[in-house]
There are 2 protein chains.
Amino acid sequence: MNVTTELHDFIFNGHLNYVPHLSIDCAVFGFHDNQLKILLLRSKYLDGWALPGGHIQRNEHIDIAAQRILKERTGLDKIFLKQYQTFGDPDRLKTQSSQYFLNAVQIPIPPNNWLMERIVSIGYYALVEFSKATPTPDLFTEECVWWDIHQLPALIFDHDHMINLALLTLQSQLHYQPIGYNLLPDKFTMPELQKLYETILDKPLDRRNFQKKIMGLGILEKLEERKSVGPHKSPYYYRFNEKNYQEALTAGLSFGF
Amino acid sequence: MNVTTELHDFIFNGHLNYVPHLSIDCAVFGFHDNQLKILLLRSKYLDGWALPGGHIQRNEHIDIAAQRILKERTGLDKIFLKQYQTFGDPDRLKTQSSQYFLNAVQIPIPPNNWLMERIVSIGYYALVEFSKATPTPDLFTEECVWWDIHQLPALIFDHDHMINLALLTLQSQLHYQPIGYNLLPDKFTMPELQKLYETILDKPLDRRNFQKKIMGLGILEKLEERKSVGPHKSPYYYRFNEKNYQEALTAGLSFGF
DNA sequence: GCAAAAGTGTTACGCTTACACCCATGG
DNA sequence: CCATGGGTGTAAGCGTAACACTTTTGC
């Protein structure tokens with residue numbers, strides 16, 4: 001099935017496979033170059049960028065649907081995913097002079113098409129290891145790339161709102177979700193971990209206090225190896241002790257930033 | 001329109017007014033007799049109790065739909081309501097030997113009826129002033145009554161799961177949501193407020209420390225009046241200083257229980 | 001007068017914060 | 001050798017937690 005046929009099939013027969021009136025949108029976070037990144041897709045048909053999203057199969061759990069969608073966009077399995085909010089404004093897809101998304105597909109679409117009706121979207125946020133993801137666009141998009149969370153392009157629909165809320169949720173859950181574990185590679189340095197926390201919390205932290213607190217949690221192992229990273233002392237690598245981390249999370253982490 | 005006609009109309013024409021595949025369920029909390037209560041409805045057609053719920057009108061914001069549904073069940077306007085989770089297990093309505101809810105309505109219902117399809121439910125929790133609510137059953141239920149959160153009856157579908165998650169959410173948000181303000185009457189005593197916190201957190205708190213911390217937040221006004229409540233010293237009444245409370249909430253309350 | 005609950009203050013401990021100097025590395 | 005960033009410890013202050021006796025009231 002070529003792309004045009006596939007698109008046509010999705011538009012006219014998608015309701016047979018997917019639950020109408022519902023969609024999923026995911027704010028996928030990564031960390032690279034000391035920046036918090038989010039994965040966005042550039043729309044073929046509208047002037048703006050979109051969160052990765054999709055529909056729920058008729059007999060599929062919504063959490064599984066989110067996993068499936070992100071597997072398609074990143075190549076990754078078993079992504080850390082958390083539902084954070086469902087977006088149910090009846091006018092959320094009517095933006096820019098009340099124009100619906102699919103009016104722009106350049107295929108005549110009847111007004112009673114399943115994609116032309118009101119859609120409530122379930123928002124998830126995801127944490128992935130930047131270097132392991134392979135951003136891949138979908139049928140509706142030209143490209144799929146990481147954007148610095150502080151320098152975002154124009155977004156379609158209510159996706160800016162979705163991102164803002166995802167970020168707030170991430171901040172508020174930093175203390176009891178395995179943020180670092182999911183966003184960082186297996187080995188990382190203390191300054192990298194600190195930058196991650198500083199970036200998400202959007203405030204500077206004291207190096208010595210940060211190190212003391214993090215190490216006090218007993219969830220990190222210091223390795224022998226150091227990372228050579230510039231004209232100065234080389235920082236040690238650390239890794240998470242997965243067992244201790246999981247235990248600490250269920251007990252509630254209690255950093256006190 | 002009598003009840004039978006109304007029910008018939010809802011079943012066979014409801015999809016014209018309401019968004020199919022979606023519903024709302026609300027965990028409504030109240031506080032009375034030093035107990036945390038939740039509002040439940042006894043089903044006419046199934047053997048168990050249910051959360052107050054309903055469907056979303058085709059052009060209605062989901063938050064407005066939740067308000068409308070609770071207005072019908074309690075008589076109250078402008079209820080404190082917060083979305084906390086969307087429940088999307090494809091089998092969530094298939095309980096007790098795969099029997100769907102509406103098989104029990106004693107009206108023959110075709111399998112492609114909108115109520116027979118998969119339904120994803122958006123969960124809200126609500127905080128109401130117990131004495132102001134007027135519990136009122138709906139079309140599908142015999143009675144609507146408050147239950148002690150620690151002594152619940154058998155529940156239909158996944159409603160026990162919904163309640164558990166609502167409670168966990170309430171606990172975790174106790175520190176930055178206006179819990180007391182919404183659950184207590186205008187005037188209340190310090191022991192009553194403490195019991196509320198103890199009940200939600202499910203642990204005892206020290207009276208002296210509790211009073212110090214709460215008063216330290218500057219959100220309570222002590223009144224002259226005392227409540228005569230038994231063969232012992234009479235506690236003072238307090239009330240919230242609404243202005244200070246709202247300010248404190250946006251700043252983040254930070255009790256430290 | 002007695003039982004039952006409310007009002008109130010002080011102390012110790014732990015956690016959080018603030019802060020400065022030396023070391024390693026690359027150019 | 002110099003600039004840059006990493007590694008490390010201590011002291012002060014604040015908030016939290018622990019704790020007991022007196023007062024009021026109804027029976």
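The chains referred to below are lettered A, B, ... by the order of the sequence lines, with proteins before strands, and numbering in each begins at 1. Computed from a predicted structure; not experimentally measured.
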Taking the six-membered ring of Y237(A), is NZ or CZ of K227(A) closer than 6.0 Å to its centre and within 45° of its axis? no

Closest to the N209(B) side chain: dG7(D), dT24(D), dG9(C)? dG9(C)

Heavy atoms under 4.0 Å, any strand shown: does K227(B) hit a base, just sugar-phosphate, or nothing? nothing

To the nearest Å, give me how far apart NZ (K222(A)) and P (dG6(D)) are. 14 Å

M190(B), nearest nucleotide to its side chain (from dA20(D), dG7(C), dT25(C)): dG7(C)

Nearest-nucleotide pick for D206(A), side chain only, options being dC19(C), dA6(C), dT8(C): dC19(C)

F188(A) CZ to dG6(D) C1', straight-line distance once rounded to whole Å: 16 Å

So if I take every side-chain heavy atom of P235(A) and compare against dC19(C), dG6(D), dA4(C), which nucleotide ends up nearest? dG6(D)

Do we see a donor-acceptor contact under 3.5 Å between the side chains of T141(B) and S43(B)? no

According to the interplanar angle, ranging from 0 to 90°, do the rings of Y125(B) and F80(B) count as parallel (below 30°), tilted (30 to 60°) or perpendicular (above 60°)? tilted

Is the closest side-chain donor-acceptor distance between S228(B) and S234(B) under 3.5 Å? no

Is a donor-acceptor contact shorter than 3.5 angstrom present between the side chain of R207(A) and the base of dG7(D)? yes

Taking the six-membered ring of F140(A), is the NZ or CZ of K44(A) close enough (under 6.0 Å from the centre) and on axis enough (within 45°)? no

Quickly work out the Y236(B) OH to dA6(C) P distance and round it to whole Å. 14 Å

As a test of reading the structure: which of dG26(D), dT17(C), dA4(C) is closest to the side chain of K213(A), going by heavy atoms? dT17(C)

Check this one for me: any side-chain N or O of K195(B) less than 4.0 Å away from OP1 or OP2 of dA5(C)? no

Mind calculating the distance between CD (Q194(B)) and C1' (dA5(C)) to the nearest angstrom? 12 Å

Selected nucleotide, minimal atom distance to K233(B) side chain, candidates dT23(D), dG7(D), dC19(C): dT23(D)

Of the nucleotides dT24(D), dA20(C), dG26(D), which one has an atom closest to the side chain of P231(B)? dG26(D)

Identify whether any heavy atom of S228(B) sits under 4.0 Å from a base atom; if not, whether one sits that close to sugar-phosphate; answer base, sugar-phosphate or nothing. sugar-phosphate

Is the base of dT10(D) touched by the side chain of K212(A) through a donor-acceptor pair closer than 3.5 angstrom? yes

Length of the CD-C1' vector between E192(A) and dG6(D), whole Å: 13 Å

